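See below for the structure under consideration.
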Amino acid sequence: MKIKSICCIGAGYVGGPTMSVIAQKNPQLKVTVVDINADRIAAWNCKDLAQLPIFEPGLDKVVGEARGQNLFFSTEVDKAIDEAEMIFISVNTPTKTYGAGKGMAADLQYVELCARQIAKVSKSDKIVVEKSTLPVKTAEAIKDILDNTGNGIHFEILSNPEFLAEGTAIQDLEAPDRVLIGGEPTETGQEAIEVLKNIYATWVPESQIITTNLWSSELSKLTANAFLAQRVSSINALTELCEKTGANITEVANAIGTDSRIGSKFLNASVGFGGSCFQKDILNLVYICKSLGLNQAADYWEQVVIMNNHQRTRFANQIVKALYGTVADKKIVFFGWAFKKNTNDTRESAAIYIADKLIEEHAQIQVYDPKVTALQMQSDLNYLNSRSEPENAKYLTTHSDPYDAVAGAHALAIITEWDEFKTYDWRKIYDNMSKPAFIFDGRNLLNRSALESIGFLYRGIGQ
Ligand code: NAD
Ligand code: UGA
């Protein structure tokens, strides 16, 4: 069975790119992406494709091809729900900041609101697809709401978690390792799975479309992120040991990663993982384990986050220690603020926490990032609530030119692995800095010996 019209609630980092690719690959399918954030929708509809609300390589081309043909962005949520045969829920599911489970559980209020709205508006049978990352068993709650507050029509729930990574979203969507669809074992459940499968099968080989029950699908998403984050924390846990012993983390990562059972990906030592999902999803997993009385499993996974927090603090402390124990009134430049390269997303970026710690020591932070705005950096820092907004503005300033940014700086910290940093004229940067000039390479991105030959005091992470 094929359907003609789908909609997606939530035009964020997942909803926007995912629906754009689905629309491009299914020209006969009408795809409407809705959001309550009118500014975001206006940006998705902007004629100038450089103004799309999220920066993602290749996204402009896909949107340019499909928008206005079979891809639409709108704030008319009710209309889109009413028209669609299949509705994706792709709203945010952040960590709860209040009440029971504060700081750990997923805040499901936005998901619940979507379910209630779908129940209220729908006049014909619908397939509701969980695209957001959700705690295992959420489909049960969604089904309860739909079945008990709806208009007596039939709702089928599917879980179809998204595995794209920011910065490579289009690539990941166009050639996914797998697509995962979970549904109920009933006849209507299996039919719904087939409908969604047909949409993906227009470009994803069927052998890569995995179908499971609802709970396996929900849990697989949370645990895939936990496994990935665990790799980063595992390699970061070795950086301190390398620094103490003279082993080199890049050499160690290469040596262990060539074992095909271990694999080479996701073994880059860093200032710590950031992004909107790893921390929240692991904490959510920890909370679920704790709620079920599985305390050892909870402690095991929580350690991944504890290690990550330690790595960020350790990096900030290293800077203070190397700069002779004080950074008060010293100018420290950050190259990069985004949580990884090729995105303008800064959620949970290590930069925010490292800047906060250095500002506590009264350092003057100046940041250059190719894609993140000054406003975003200030609001990230203000969100931590460590000090007043005017104080943050005094301690953190932004530059649009990397060479100007380093003028008179005592130290430079590489926070994000943007490719352009590798192409800089590092002699010019050295000349502009105060001496001795330190580089703290939080991504082991640069050529150590080349920098040392210029005169820099190079500090790699785990080197
Ligand atoms: P996001 O914050 O960028 O986007 C969510 C959007 O939903 C926002 O624009 C918000 O305004 C909108 N929204 C919230 N409630 C709404 C409502 N009731 N009606 C209409 N719109 C509403 O979030 P995101 O990064 O796209 O993540 C969405 C989900 O996907 C999360 O569960 C996340 O864990 C998961 N996920 C994210 C990524 C990623 O790389 N960002 C990857 C895989 C999965
Ligand atoms: C991650 C997963 O990779 C996606 O599969 C998943 O869909 C997504 O979370 C999600 O659910 O939101 P994302 O957070 O966008 O994607 O980016 P990653 O590439 O996973 O990087 C996360 C963080 O880990 C970044 O700060 C990155 O710099 C860091 N990292 C990654 C390292 O420090 N070292 C590595 O070797 C790899």
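Whatever order the structure lists them in is the order used to number ligands and atoms, beginning at 1. Keep in mind the model is a prediction, meaning the values are calculated, not measured.
Nearest-residue assignment for atom 8 (C) of ligand 2 (options Leu228, Leu164, Asp177; heavy-atom criterion): Leu164. Proximity annotation for atom 6 (C) of ligand 2: of Lys280, Lys221, Arg231, Lys221 comes nearest, heavy atoms only. Evaluated by nearest non-hydrogen atom to atom 20 (O) of ligand 2, the leading choice among Tyr13, Phe273, Phe266 is Phe266. Between Ser270, Pro176, Ala253, it is Ser270 that holds the heavy atom closest to atom 33 (O) of ligand 2.
Using a 30° and 60° split on the angle between ring planes, Trp301 and Phe227 fall in the tilted class, from 30° to 60°. Note on ring orientation: taking the six-membered ring where Trp is involved, the planes of Phe438 and Phe440 are parallel (angle under 30°, cut-offs 30° and 60°).
Outside the 6.0 Å centre-distance limit, the rings of Phe72 and Trp44 are not counted as a close aromatic pair.
When non-hydrogen atoms are compared, ligand 2 lies under 4.0 Å from the side chain of Val232 (C-beta onward) but not from its backbone. Neither the backbone nor the side chain of Thr168 has any atom closer than 4.0 Å to an atom of ligand 2 (non-hydrogen atoms only). At a heavy-atom distance under 4.0 Å, only side-chain atoms of Arg443, from C-beta outward, approach ligand 2.
A donor-acceptor contact closer than 3.5 angstrom links the side chains of Asp78 and Gln117.
Side-chain contact between Leu222 and Glu218: absent, with no pair of heavy atoms (C-beta onward) separated by less than 4.5 Å.
A donor-acceptor contact shorter than 3.5 Å links the side chain of Glu56 to the backbone of Thr168.
Residue-level contacts of ligand 1 at the 4.0 Å heavy-atom threshold are Ile9, Gly10, Gly12, Tyr13, Val14, Asp35, Ile36, Asn37, Arg40, Ser90, Val91, Asn92, Thr93, Tyr110, Cys114, Ser132, Thr133, Glu162, Leu164, Glu166, Lys221, Ser276, Cys277, Lys280, Arg347.
Between Thr133 and ligand 2, not a single N/O pair is under 3.5 Å apart. When only interatomic distances are considered, the shortest N/O to N/O separation between Cys277 and ligand 2 does not fall below 3.5 Å. Close N/O approach between Phe339 and ligand 2 is found [any backbone or side-chain N/O within under 3.5 Å].
Salt-bridge formation is detected for the pair Lys422/Asp419: a Lys NZ or Arg NE/NH1/NH2 atom is positioned less than 4.0 Å from an Asp or Glu carboxylate oxygen. Using a 4.0 Å cut-off between charged nitrogen and carboxylate oxygen, Glu417 and Lys341 do not count as a salt-bridge pair. A salt bridge links Arg116 to Glu112: at least one charged side-chain nitrogen sits closer than 4.0 Å to a carboxylate oxygen.
Every atom of ligand 2 with a heavy atom of Glu162 under 4.0 Å away is listed here by number and element: 7 (O). Close contacts of ligand 2 with Leu267, meaning ligand atoms under 4.0 Å from a residue heavy atom, involve 36 (O).
Partners of Lys102 by salt bridge (charged side-chain N to carboxylate O under 4.0 Å, His left out), not counting sequence neighbours: none found.
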For this session: Walk me through it: do Gln303 and Asp299 pass the test side chain to side chain donor-acceptor pair (under 3.5 Å)?
Result: CA-CA 6 Å; Gln303 198 57 41; Asp299 291 348; over 6 Å; no

